[in-house]
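A short worksheet on the structure shown next.
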Amino acid sequence: MKVEKKGLLKPTLQITALSLGGIVLNFLTQLLVAYYFGATPARDAYFAALALPTYVAALLVGSLGVIYLPVFVDVTSKKGNLDARAFLGNSIGLVFGITALIVVAGTVFSNELIQLTAPGFSFEQIQFAGQLQRILLPTIVFQVLSHITASVLQTRSQFLLPAFTPLLSTLIILVVVSLLSKSIGIQSLAYGTLLGNAIAFLFNMMYLIRQNQVRFTGKFNNPYIKRWLALSLPLLAAGIFYRLTTVFERGIASYLEEGSLSYLGYANQIMTILATVTSSGIATTLYPQLSNSWIERDMESLKQQFLNGIRIILLICVPIAVVFIFWGQPVFRLLFERGAFTPEATVAVTSTFAFLTGAFLANSLGNLVAKIYYLSGKTMLGSAIEVATALIYLALAVGLAKKMQYNGLALATSITAALSITASFISLYFILKGFDLKELIRSFVLIPLAALLPMLLLQTLLKQLTVSINSLSIVLVAASMLLYLLLYICMLKLVGTPELNQIQRKLYFS
(Lines give C-alpha, C1' and ligand atoms only; values in the text may rest on other atoms or scores of the structure.)
Protein backbone atom coordinates (compact mmCIF):
# COMPACT_ATOMS: atom_id res chain seq x y z
CA MET A 1 0.00 0.00 0.00
CA LYS A 2 1.48 3.35 -1.05
CA VAL A 3 0.85 6.85 0.12
CA GLU A 4 -1.74 8.11 -2.27
CA LYS A 5 -0.63 11.04 -4.42
CA LYS A 6 -3.17 13.80 -4.31
CA GLY A 7 -3.15 17.46 -5.16
CA LEU A 8 -1.54 19.55 -2.44
CA LEU A 9 -3.30 22.85 -3.08
CA LYS A 10 -6.57 21.93 -1.36
CA PRO A 11 -5.12 20.37 1.83
CA THR A 12 -2.52 23.13 2.07
CA LEU A 13 -5.22 25.80 1.90
CA GLN A 14 -7.34 23.88 4.41
CA ILE A 15 -4.46 23.52 6.84
CA THR A 16 -3.52 27.15 6.37
CA ALA A 17 -7.13 28.17 7.06
CA LEU A 18 -7.14 26.13 10.27
CA SER A 19 -3.76 27.56 11.18
CA LEU A 20 -5.15 31.04 10.70
CA GLY A 21 -7.99 30.11 13.04
CA GLY A 22 -5.38 28.81 15.45
CA ILE A 23 -3.39 32.00 15.32
CA VAL A 24 -6.51 34.01 16.11
CA LEU A 25 -7.09 31.84 19.18
CA ASN A 26 -3.41 32.02 20.07
CA PHE A 27 -3.52 35.78 19.85
CA LEU A 28 -6.61 35.87 22.04
CA THR A 29 -4.91 33.61 24.55
CA GLN A 30 -1.74 35.70 24.52
CA LEU A 31 -3.83 38.84 24.92
CA LEU A 32 -5.56 37.35 27.94
CA VAL A 33 -2.32 36.08 29.48
CA ALA A 34 -0.63 39.43 28.86
CA TYR A 35 -3.59 41.25 30.41
CA TYR A 36 -3.54 39.21 33.61
CA PHE A 37 0.17 38.50 34.03
CA GLY A 38 2.15 40.88 31.76
CA ALA A 39 5.93 40.59 32.12
CA THR A 40 5.73 39.88 35.86
CA PRO A 41 7.69 37.49 38.13
CA ALA A 42 4.79 35.01 37.85
CA ARG A 43 5.13 35.02 34.06
CA ASP A 44 8.91 34.62 34.37
CA ALA A 45 8.32 31.61 36.65
CA TYR A 46 5.96 30.07 34.10
CA PHE A 47 8.50 30.36 31.28
CA ALA A 48 11.14 28.82 33.53
CA ALA A 49 8.77 25.96 34.42
CA LEU A 50 7.97 25.39 30.76
CA ALA A 51 11.63 25.09 29.74
CA LEU A 52 12.19 21.44 30.75
CA PRO A 53 8.90 19.98 29.41
CA THR A 54 9.45 21.87 26.16
CA TYR A 55 13.02 20.60 25.93
CA VAL A 56 12.12 16.94 26.51
CA ALA A 57 9.10 17.03 24.19
CA ALA A 58 11.14 18.72 21.43
CA LEU A 59 13.93 16.19 21.95
CA LEU A 60 11.62 13.20 21.53
CA VAL A 61 9.49 14.70 18.74
CA GLY A 62 12.67 15.78 16.94
CA SER A 63 14.05 12.24 17.03
CA LEU A 64 11.44 9.50 17.53
CA GLY A 65 8.64 11.65 16.10
CA VAL A 66 10.15 12.89 12.87
CA ILE A 67 11.70 9.55 11.92
CA TYR A 68 8.40 7.77 12.48
CA LEU A 69 6.61 8.76 9.27
CA PRO A 70 9.11 7.40 6.69
CA VAL A 71 9.46 4.14 8.65
CA PHE A 72 5.68 3.80 8.93
CA VAL A 73 5.30 4.44 5.18
CA ASP A 74 7.93 1.76 4.52
CA VAL A 75 6.14 -0.76 6.76
CA THR A 76 2.81 -0.03 5.05
CA SER A 77 4.31 -0.28 1.56
CA LYS A 78 6.29 -3.48 2.10
CA LYS A 79 4.34 -5.39 4.76
CA GLY A 80 0.78 -4.19 4.37
CA ASN A 81 -1.81 -2.57 6.58
CA LEU A 82 -1.98 -5.34 9.21
CA ASP A 83 1.70 -5.02 10.11
CA ALA A 84 1.42 -1.23 9.96
CA ARG A 85 -1.39 -1.34 12.53
CA ALA A 86 0.73 -3.47 14.85
CA PHE A 87 3.74 -1.21 14.34
CA LEU A 88 1.64 1.81 15.31
CA GLY A 89 0.13 0.16 18.39
CA ASN A 90 3.47 -1.10 19.68
CA SER A 91 5.10 2.26 18.99
CA ILE A 92 2.45 4.07 21.01
CA GLY A 93 2.92 1.67 23.92
CA LEU A 94 6.69 2.06 23.83
CA VAL A 95 6.58 5.87 23.69
CA PHE A 96 4.00 6.02 26.48
CA GLY A 97 6.23 3.94 28.74
CA ILE A 98 9.32 6.03 28.05
CA THR A 99 7.62 9.38 28.52
CA ALA A 100 5.71 8.27 31.64
CA LEU A 101 9.00 7.36 33.33
CA ILE A 102 10.43 10.77 32.42
CA VAL A 103 7.39 12.52 33.88
CA VAL A 104 7.64 10.60 37.17
CA ALA A 105 11.36 11.37 37.53
CA GLY A 106 10.82 15.04 36.67
CA THR A 107 8.00 15.34 39.19
CA VAL A 108 10.11 13.89 42.01
CA PHE A 109 13.04 16.24 41.34
CA SER A 110 11.08 19.24 40.08
CA ASN A 111 12.49 21.91 42.42
CA GLU A 112 16.05 20.69 41.91
CA LEU A 113 15.58 20.88 38.14
CA ILE A 114 14.25 24.44 38.36
CA GLN A 115 17.25 25.41 40.48
CA LEU A 116 19.47 23.93 37.78
CA THR A 117 17.70 25.54 34.80
CA ALA A 118 16.97 28.94 36.40
CA PRO A 119 19.89 29.44 38.81
CA GLY A 120 19.25 33.18 39.09
CA PHE A 121 15.88 32.65 40.77
CA SER A 122 15.24 33.23 44.47
CA PHE A 123 14.12 30.39 46.74
CA GLU A 124 10.47 31.51 46.52
CA GLN A 125 10.62 31.70 42.72
CA ILE A 126 12.12 28.20 42.57
CA GLN A 127 9.34 26.79 44.74
CA PHE A 128 6.62 28.44 42.66
CA ALA A 129 8.19 27.47 39.31
CA GLY A 130 8.53 23.91 40.61
CA GLN A 131 4.78 23.75 41.26
CA LEU A 132 4.08 24.93 37.72
CA GLN A 133 6.56 22.47 36.26
CA ARG A 134 4.88 19.52 37.97
CA ILE A 135 1.62 20.48 36.28
CA LEU A 136 3.28 20.87 32.86
CA LEU A 137 5.45 17.73 32.83
CA PRO A 138 2.69 15.31 31.66
CA THR A 139 2.31 17.38 28.49
CA ILE A 140 5.46 15.59 27.30
CA VAL A 141 3.49 12.33 26.94
CA PHE A 142 0.67 13.89 24.94
CA GLN A 143 2.86 16.04 22.68
CA VAL A 144 5.02 13.12 21.51
CA LEU A 145 2.08 10.77 21.00
CA SER A 146 0.11 13.49 19.20
CA HIS A 147 2.96 13.95 16.75
CA ILE A 148 3.17 10.23 15.98
CA THR A 149 -0.59 9.78 15.54
CA ALA A 150 -0.77 12.93 13.40
CA SER A 151 1.97 11.54 11.13
CA VAL A 152 -0.03 8.36 10.59
CA LEU A 153 -3.18 10.34 9.77
CA GLN A 154 -1.24 12.35 7.19
CA THR A 155 -0.14 9.18 5.40
CA ARG A 156 -3.86 8.40 5.03
CA SER A 157 -4.36 11.87 3.50
CA GLN A 158 -6.22 12.89 6.67
CA PHE A 159 -4.71 16.35 7.06
CA LEU A 160 -7.63 18.16 8.64
CA LEU A 161 -7.82 16.38 12.01
CA PRO A 162 -4.11 16.86 12.86
CA ALA A 163 -4.48 20.49 11.83
CA PHE A 164 -7.67 20.93 13.88
CA THR A 165 -6.47 19.45 17.18
CA PRO A 166 -3.89 22.21 17.90
CA LEU A 167 -6.69 24.72 17.38
CA LEU A 168 -8.86 22.79 19.84
CA SER A 169 -5.98 22.67 22.31
CA THR A 170 -5.56 26.44 22.13
CA LEU A 171 -9.30 26.96 22.60
CA ILE A 172 -9.21 24.86 25.76
CA ILE A 173 -6.30 26.92 27.11
CA LEU A 174 -8.22 30.11 26.38
CA VAL A 175 -11.33 28.86 28.20
CA VAL A 176 -9.46 27.55 31.24
CA VAL A 177 -7.45 30.76 31.66
CA SER A 178 -10.63 32.84 31.27
CA LEU A 179 -12.43 30.85 33.96
CA LEU A 180 -9.68 30.20 36.49
CA SER A 181 -7.04 32.94 36.19
CA LYS A 182 -8.61 35.13 38.87
CA SER A 183 -8.85 32.29 41.38
CA ILE A 184 -5.61 30.34 40.87
CA GLY A 185 -3.48 32.80 38.91
CA ILE A 186 -0.99 31.61 36.32
CA GLN A 187 -1.56 28.00 37.35
CA SER A 188 -4.65 28.26 35.16
CA LEU A 189 -2.37 28.56 32.14
CA ALA A 190 -0.48 25.43 33.20
CA TYR A 191 -3.66 23.41 33.74
CA GLY A 192 -5.13 24.66 30.47
CA THR A 193 -1.98 23.64 28.59
CA LEU A 194 -2.07 20.17 30.12
CA LEU A 195 -5.76 19.64 29.37
CA GLY A 196 -5.46 20.99 25.84
CA ASN A 197 -2.57 18.67 24.95
CA ALA A 198 -4.34 15.65 26.45
CA ILE A 199 -7.55 16.22 24.49
CA ALA A 200 -5.66 16.88 21.25
CA PHE A 201 -3.97 13.46 21.51
CA LEU A 202 -7.22 11.71 22.44
CA PHE A 203 -8.96 13.09 19.36
CA ASN A 204 -6.25 11.67 17.06
CA MET A 205 -6.17 8.37 18.92
CA MET A 206 -9.93 7.89 18.97
CA TYR A 207 -10.12 8.47 15.21
CA LEU A 208 -7.40 5.89 14.53
CA ILE A 209 -9.10 3.35 16.81
CA ARG A 210 -12.49 3.90 15.13
CA GLN A 211 -10.84 3.41 11.74
CA ASN A 212 -9.24 0.18 13.00
CA GLN A 213 -5.73 1.53 12.38
CA VAL A 214 -4.23 0.50 15.73
CA ARG A 215 -3.39 -3.00 16.93
CA PHE A 216 -1.61 -3.57 20.26
CA THR A 217 0.42 -6.78 20.32
CA GLY A 218 3.02 -5.92 22.97
CA LYS A 219 5.80 -7.26 20.71
CA PHE A 220 8.60 -4.72 20.71
CA ASN A 221 11.24 -7.07 19.29
CA ASN A 222 10.38 -6.08 15.74
CA PRO A 223 12.90 -5.18 13.00
CA TYR A 224 10.97 -2.04 12.11
CA ILE A 225 10.81 -0.94 15.75
CA LYS A 226 14.57 -1.51 15.94
CA ARG A 227 15.13 0.41 12.70
CA TRP A 228 12.98 3.30 13.93
CA LEU A 229 14.92 3.51 17.19
CA ALA A 230 18.28 3.14 15.42
CA LEU A 231 17.54 5.97 12.98
CA SER A 232 16.28 8.13 15.83
CA LEU A 233 19.28 7.54 18.06
CA PRO A 234 21.71 9.99 16.37
CA LEU A 235 19.09 12.73 16.48
CA LEU A 236 18.30 11.91 20.09
CA ALA A 237 21.96 11.88 21.14
CA ALA A 238 22.77 15.14 19.40
CA GLY A 239 19.46 16.71 20.46
CA ILE A 240 20.27 16.14 24.12
CA PHE A 241 22.95 18.77 23.61
CA TYR A 242 21.80 21.19 20.94
CA ARG A 243 18.19 21.43 22.12
CA LEU A 244 19.50 22.64 25.45
CA THR A 245 19.91 26.08 23.90
CA THR A 246 16.41 27.14 25.03
CA VAL A 247 17.09 25.92 28.57
CA PHE A 248 20.47 27.63 28.50
CA GLU A 249 18.85 30.86 27.24
CA ARG A 250 16.37 30.90 30.12
CA GLY A 251 19.13 30.10 32.59
CA ILE A 252 21.04 33.19 31.47
CA ALA A 253 17.85 35.28 31.39
CA SER A 254 17.13 34.34 35.02
CA TYR A 255 20.14 36.49 35.96
CA LEU A 256 19.04 39.48 33.87
CA GLU A 257 16.57 42.22 34.74
CA GLU A 258 13.07 41.29 35.86
CA GLY A 259 10.86 40.51 32.88
CA SER A 260 13.67 39.25 30.62
CA LEU A 261 12.30 35.71 30.59
CA SER A 262 8.87 37.08 29.70
CA TYR A 263 10.19 39.29 26.88
CA LEU A 264 12.01 36.35 25.32
CA GLY A 265 9.05 34.06 25.96
CA TYR A 266 6.48 36.31 24.31
CA ALA A 267 8.75 36.96 21.31
CA ASN A 268 9.51 33.25 20.87
CA GLN A 269 5.83 32.33 21.11
CA ILE A 270 4.89 34.83 18.40
CA MET A 271 7.77 33.53 16.27
CA THR A 272 6.52 29.95 16.71
CA ILE A 273 2.96 30.93 15.82
CA LEU A 274 4.07 32.75 12.68
CA ALA A 275 6.37 29.90 11.60
CA THR A 276 3.51 27.44 12.09
CA VAL A 277 1.08 29.46 10.01
CA THR A 278 3.52 30.32 7.22
CA SER A 279 5.36 27.06 6.71
CA SER A 280 3.87 24.10 8.58
CA GLY A 281 0.99 23.67 6.11
CA ILE A 282 3.42 23.41 3.22
CA ALA A 283 5.88 21.16 5.07
CA THR A 284 3.12 18.93 6.46
CA THR A 285 1.37 18.29 3.15
CA LEU A 286 4.65 17.84 1.29
CA TYR A 287 6.15 15.34 3.72
CA PRO A 288 4.13 12.26 2.69
CA GLN A 289 4.74 13.10 -0.98
CA LEU A 290 8.45 13.53 -0.35
CA SER A 291 8.48 10.19 1.53
CA ASN A 292 6.79 8.45 -1.35
CA SER A 293 9.13 9.99 -3.94
CA TRP A 294 12.12 8.91 -1.88
CA ILE A 295 10.88 5.33 -1.53
CA GLU A 296 10.19 5.17 -5.29
CA ARG A 297 13.59 6.78 -5.98
CA ASP A 298 11.90 9.49 -8.04
CA MET A 299 14.60 12.02 -7.24
CA GLU A 300 13.65 14.59 -9.86
CA SER A 301 10.14 14.82 -8.46
CA LEU A 302 11.50 15.06 -4.91
CA LYS A 303 13.88 17.87 -5.84
CA GLN A 304 11.15 19.84 -7.57
CA GLN A 305 8.74 19.39 -4.67
CA PHE A 306 11.44 20.51 -2.26
CA LEU A 307 12.37 23.64 -4.24
CA ASN A 308 8.73 24.56 -4.76
CA GLY A 309 8.15 24.41 -1.03
CA ILE A 310 11.23 26.51 -0.25
CA ARG A 311 10.22 29.23 -2.71
CA ILE A 312 6.67 29.44 -1.40
CA ILE A 313 7.88 29.66 2.21
CA LEU A 314 10.21 32.51 1.24
CA LEU A 315 7.41 34.25 -0.62
CA ILE A 316 5.25 34.26 2.51
CA CYS A 317 7.79 34.69 5.32
CA VAL A 318 10.12 37.41 4.04
CA PRO A 319 7.52 40.23 3.91
CA ILE A 320 6.26 39.23 7.36
CA ALA A 321 9.80 39.55 8.74
CA VAL A 322 10.20 42.96 7.06
CA VAL A 323 6.92 44.22 8.53
CA PHE A 324 7.85 43.18 12.07
CA ILE A 325 11.31 44.72 11.83
CA PHE A 326 10.00 48.12 10.71
CA TRP A 327 6.47 48.18 12.15
CA GLY A 328 6.57 45.73 15.02
CA GLN A 329 5.78 48.17 17.82
CA PRO A 330 2.22 49.08 16.77
CA VAL A 331 1.49 45.39 16.18
CA PHE A 332 2.69 44.35 19.62
CA ARG A 333 1.00 47.37 21.19
CA LEU A 334 -2.28 46.18 19.68
CA LEU A 335 -1.71 42.61 20.81
CA PHE A 336 -0.47 43.03 24.34
CA GLU A 337 -0.52 46.53 25.79
CA ARG A 338 -3.34 46.45 28.31
CA GLY A 339 -3.83 45.37 31.91
CA ALA A 340 -0.55 44.17 33.44
CA PHE A 341 1.33 44.51 30.15
CA THR A 342 2.97 47.93 30.24
CA PRO A 343 4.24 50.20 27.39
CA GLU A 344 7.79 49.39 28.54
CA ALA A 345 7.08 45.69 28.01
CA THR A 346 5.74 46.47 24.52
CA VAL A 347 8.99 48.19 23.55
CA ALA A 348 11.05 45.35 25.02
CA VAL A 349 9.11 42.56 23.25
CA THR A 350 9.19 44.51 19.95
CA SER A 351 12.97 44.87 20.00
CA THR A 352 13.42 41.24 21.07
CA PHE A 353 11.28 39.98 18.21
CA ALA A 354 13.12 42.21 15.71
CA PHE A 355 16.35 40.45 16.69
CA LEU A 356 14.56 37.08 16.33
CA THR A 357 13.34 37.61 12.74
CA GLY A 358 16.43 35.89 11.36
CA ALA A 359 15.54 32.81 13.40
CA PHE A 360 11.93 33.07 12.20
CA LEU A 361 13.03 32.88 8.54
CA ALA A 362 15.57 30.12 9.16
CA ASN A 363 13.18 28.02 11.26
CA SER A 364 10.39 28.37 8.70
CA LEU A 365 12.69 27.05 5.99
CA GLY A 366 14.02 24.44 8.40
CA ASN A 367 10.54 22.94 8.77
CA LEU A 368 10.92 21.65 5.21
CA VAL A 369 14.71 21.25 4.99
CA ALA A 370 14.71 18.85 7.95
CA LYS A 371 12.36 16.49 6.10
CA ILE A 372 15.04 15.59 3.58
CA TYR A 373 17.46 14.63 6.34
CA TYR A 374 14.88 12.34 7.88
CA LEU A 375 14.01 10.73 4.55
CA SER A 376 17.61 10.21 3.46
CA GLY A 377 18.66 8.76 6.80
CA LYS A 378 21.45 11.36 7.05
CA THR A 379 20.58 12.02 10.66
CA MET A 380 24.21 12.04 11.77
CA LEU A 381 25.03 14.85 9.37
CA GLY A 382 22.03 16.92 10.42
CA SER A 383 22.86 16.34 14.06
CA ALA A 384 26.48 17.36 13.53
CA ILE A 385 25.35 20.67 12.02
CA GLU A 386 23.02 21.32 14.94
CA VAL A 387 25.70 20.49 17.53
CA ALA A 388 28.23 22.77 15.82
CA THR A 389 25.81 25.69 15.68
CA ALA A 390 24.72 25.05 19.29
CA LEU A 391 28.36 25.47 20.39
CA ILE A 392 28.46 28.75 18.49
CA TYR A 393 25.23 29.81 20.20
CA LEU A 394 26.61 29.12 23.67
CA ALA A 395 29.60 31.35 22.98
CA LEU A 396 27.53 34.10 21.38
CA ALA A 397 24.78 34.04 24.02
CA VAL A 398 27.13 34.63 26.92
CA GLY A 399 28.97 37.46 25.18
CA LEU A 400 25.97 39.19 23.65
CA ALA A 401 23.84 38.95 26.82
CA LYS A 402 26.50 40.93 28.70
CA LYS A 403 26.36 43.72 26.10
CA MET A 404 22.71 43.64 24.96
CA GLN A 405 20.83 41.83 27.75
CA TYR A 406 17.80 39.85 26.45
CA ASN A 407 18.23 41.32 22.95
CA GLY A 408 21.66 39.73 22.84
CA LEU A 409 20.14 36.31 23.48
CA ALA A 410 17.65 36.88 20.65
CA LEU A 411 20.41 37.99 18.28
CA ALA A 412 22.50 34.93 19.16
CA THR A 413 19.51 32.73 18.27
CA SER A 414 19.12 34.37 14.86
CA ILE A 415 22.81 34.19 13.99
CA THR A 416 23.09 30.51 14.81
CA ALA A 417 19.80 29.68 13.05
CA ALA A 418 21.09 31.40 9.90
CA LEU A 419 24.37 29.47 10.08
CA SER A 420 22.50 26.21 10.59
CA ILE A 421 20.14 26.64 7.63
CA THR A 422 23.02 27.70 5.37
CA ALA A 423 25.06 24.63 6.28
CA SER A 424 21.96 22.46 5.78
CA PHE A 425 21.36 23.77 2.25
CA ILE A 426 24.99 23.12 1.32
CA SER A 427 24.89 19.55 2.61
CA LEU A 428 21.50 18.87 0.97
CA TYR A 429 22.95 19.88 -2.37
CA PHE A 430 25.33 16.93 -2.10
CA ILE A 431 22.80 14.55 -0.53
CA LEU A 432 20.40 15.08 -3.45
CA LYS A 433 23.30 15.07 -5.91
CA GLY A 434 22.51 18.57 -7.04
CA PHE A 435 19.39 20.62 -7.61
CA ASP A 436 18.60 23.82 -9.49
CA LEU A 437 20.96 26.01 -7.50
CA LYS A 438 20.55 28.98 -9.84
CA GLU A 439 16.79 28.97 -9.35
CA LEU A 440 17.17 28.72 -5.57
CA ILE A 441 19.66 31.61 -5.36
CA ARG A 442 17.43 33.68 -7.61
CA SER A 443 14.56 33.25 -5.16
CA PHE A 444 16.77 34.12 -2.17
CA VAL A 445 17.80 37.36 -3.89
CA LEU A 446 14.66 38.56 -5.65
CA ILE A 447 12.06 37.81 -2.97
CA PRO A 448 13.86 39.74 -0.18
CA LEU A 449 14.50 42.56 -2.67
CA ALA A 450 10.82 42.67 -3.59
CA ALA A 451 9.88 42.77 0.11
CA LEU A 452 12.41 45.38 1.22
CA LEU A 453 12.08 48.02 -1.50
CA PRO A 454 8.36 48.80 -0.90
CA MET A 455 9.04 49.12 2.84
CA LEU A 456 11.89 51.57 2.24
CA LEU A 457 9.63 53.53 -0.10
CA LEU A 458 6.86 53.73 2.52
CA GLN A 459 9.33 54.64 5.25
CA THR A 460 10.67 57.46 3.09
CA LEU A 461 7.14 58.68 2.41
CA LEU A 462 6.27 58.69 6.12
CA LYS A 463 9.48 60.54 6.88
CA GLN A 464 8.65 63.21 4.29
CA LEU A 465 5.26 63.60 5.94
CA THR A 466 7.04 63.77 9.34
CA VAL A 467 4.92 60.85 10.53
CA SER A 468 6.06 57.84 12.55
CA ILE A 469 4.34 54.51 12.06
CA ASN A 470 4.24 54.18 15.87
CA SER A 471 2.10 57.32 16.11
CA LEU A 472 -0.56 56.13 13.65
CA SER A 473 -3.90 54.71 14.70
CA ILE A 474 -4.60 51.02 14.26
CA VAL A 475 -6.74 51.74 11.20
CA LEU A 476 -3.96 53.71 9.52
CA VAL A 477 -1.39 51.07 10.41
CA ALA A 478 -3.62 48.41 8.84
CA ALA A 479 -4.05 50.58 5.74
CA SER A 480 -0.28 51.05 5.53
CA MET A 481 0.23 47.28 5.73
CA LEU A 482 -2.33 46.72 2.99
CA LEU A 483 -0.55 49.28 0.81
CA TYR A 484 2.74 47.54 1.53
CA LEU A 485 1.25 44.19 0.49
CA LEU A 486 0.03 45.62 -2.81
CA LEU A 487 3.42 47.20 -3.49
CA TYR A 488 5.11 43.90 -2.64
CA ILE A 489 2.95 42.03 -5.15
CA CYS A 490 3.67 44.67 -7.79
CA MET A 491 7.38 44.41 -7.08
CA LEU A 492 7.25 40.62 -7.45
CA LYS A 493 5.72 41.08 -10.87
CA LEU A 494 8.26 43.75 -11.76
CA VAL A 495 11.31 41.65 -10.91
CA GLY A 496 9.79 38.68 -12.71
CA THR A 497 9.27 36.35 -9.76
CA PRO A 498 7.32 33.39 -11.18
CA GLU A 499 6.06 32.14 -7.80
CA LEU A 500 3.27 34.68 -7.64
CA ASN A 501 1.52 33.46 -10.77
CA GLN A 502 2.44 29.80 -10.43
CA ILE A 503 1.63 28.91 -6.81
CA GLN A 504 -1.24 26.66 -7.78
CA ARG A 505 0.69 24.88 -10.53
CA LYS A 506 3.73 24.40 -8.33
CA LEU A 507 1.75 23.12 -5.37
CA TYR A 508 -0.52 20.82 -7.32
CA PHE A 509 1.33 17.61 -8.25
CA SER A 510 -0.40 15.02 -10.32
If I take atom OG1 from residue T149 and atom CG from residue L88, how far apart are they, to the nearest 0.5 angstrom?
8.0 Å
Mind checking what makes ring pair (Phe, Tyr, Trp, His ring centres under 6.0 Å) contact with F425, not counting sequence neighbours?
F444
Residue pair L153 / N204, side-chain heavy-atom distance below 4.5 Å:
yes
Any side-chain donor near an acceptor of the partner, S110 and Q133, under 3.5 Å
yes
Rounded to the nearest 0.5 Å, what separation is found between the CD1 atom of I186 and the CD1 atom of I135?
10.5 Å
Taking C-beta and beyond as the side chain, do N111 and I114 meet within less than 4.5 Å on heavy atoms?
no
Please confirm whether the ring centroid of F324 lies under 6.0 Å from the ring centroid of F332.
yes
Could you pull out all residues at least two apart from E300 that satisfy salt bridge (charged side-chain N to carboxylate O under 4.0 Å, His left out)?
K303
Could you give me the CA-CA distance, side-chain angles and deciding distance for D74 and R227, then say whether salt bridge (charged side-chain N to carboxylate O under 4.0 Å, His left out) is met?
CA-CA 11 Å; D74 198 29; R227 180 186 168 198; 2.4 Å; yes
Side chain to side chain donor-acceptor pair (under 3.5 Å): pairs with one or both residues in residues 407-417, sequence neighbours excluded:
S351-N407, T352-N407
Any ring pair (Phe, Tyr, Trp, His ring centres under 6.0 Å) pairs touching residues 243-263, not counting sequence neighbours?
Y263-Y406
Establish, yes or no, whether a centroid distance under 6.0 Å links the rings of Y68 and F87.
yes
Quick one: side-chain hydrogen bond (donor to acceptor under 3.5 Å, both in side chains) partners of Q187, sequence neighbours excluded?
Q131
Between T193 and Y46, is there a side-chain donor-acceptor contact under 3.5 Å, judged purely by atom types and distance?
yes
Could you check R243 against E386 for salt bridge (charged side-chain N to carboxylate O under 4.0 Å, His left out), going step by step and ending with a plain yes or no?
CA-CA 9 Å; R243 292 186 185 278; E386 295 292 352; over 6 Å; no
Just by distance, no angles: are the side chains of N197 and S169 close enough, under 3.5 Å, to form a donor-acceptor pair?
no
Inter- and intrachain pairs under side chain to side chain donor-acceptor pair (under 3.5 Å), touching residues 389-400, at least two apart
none
Give the ring-plane orientation class for F164 versus F203, where under 30° counts as parallel, over 60° as perpendicular and anything between as tilted.
tilted
With no hydrogens and no angle check, is any side-chain donor or acceptor of Q143 less than 3.5 Å from a backbone partner on I140?
no
Tell me, please, which residues at least two apart from W294 pass ring pair (Phe, Tyr, Trp, His ring centres under 6.0 Å).
none
Partners of Y429 by ring pair (Phe, Tyr, Trp, His ring centres under 6.0 Å), sequence neighbours excluded?
F435
Sorted by chain and residue number, the side-chain hydrogen bond (donor to acceptor under 3.5 Å, both in side chains) partners of T346 (sequence neighbours excluded) come out as E337
Polar side-chain atom of T117 near backbone of L113 as donor-acceptor pair, under 3.5 Å:
yes
Taking ring pair (Phe, Tyr, Trp, His ring centres under 6.0 Å) as the definition, give me every residue that meets it alongside F142, ordered by chain and number, with sequence neighbours left out.
none
Using a 3.5 Å cut-off and no angle test, enumerate the donor-acceptor pairs between side-chain atoms of residues 97-107 and protein atoms at least two apart in sequence or in another chain.
unit_1	atom_1	unit_2	atom_2	d
T99	OG1	V95	O	2.8
T99	OG1	F96	O	3.2
T107	OG1	V103	O	2.8

Let me see the working for S301 and Q305 under side chain to side chain donor-acceptor pair (under 3.5 Å), right down to the final yes or no.
CA-CA 6 Å; S301 176; Q305 291 164 0; 3.0 Å; yes
Min side-chain heavy-atom separation L409-L256 under 4.5 Å:
yes
Could you pull out every donor-acceptor pair under 3.5 Å between side chains of residues 353-366 and any protein atom, sequence neighbours left out?
unit_1	atom_1	unit_2	atom_2	d
T357	OG1	A354	O	2.8
N363	ND2	A359	O	3.2
S364	OG	F360	O	2.8

How many angstroms lie between CE in M205 and CD1 in I148, if you round to the nearest 0.5 Å?
10.5 Å
Classify the ring geometry of Y266 against F336: parallel below 30°, tilted from 30° to 60°, perpendicular beyond 60°.
tilted
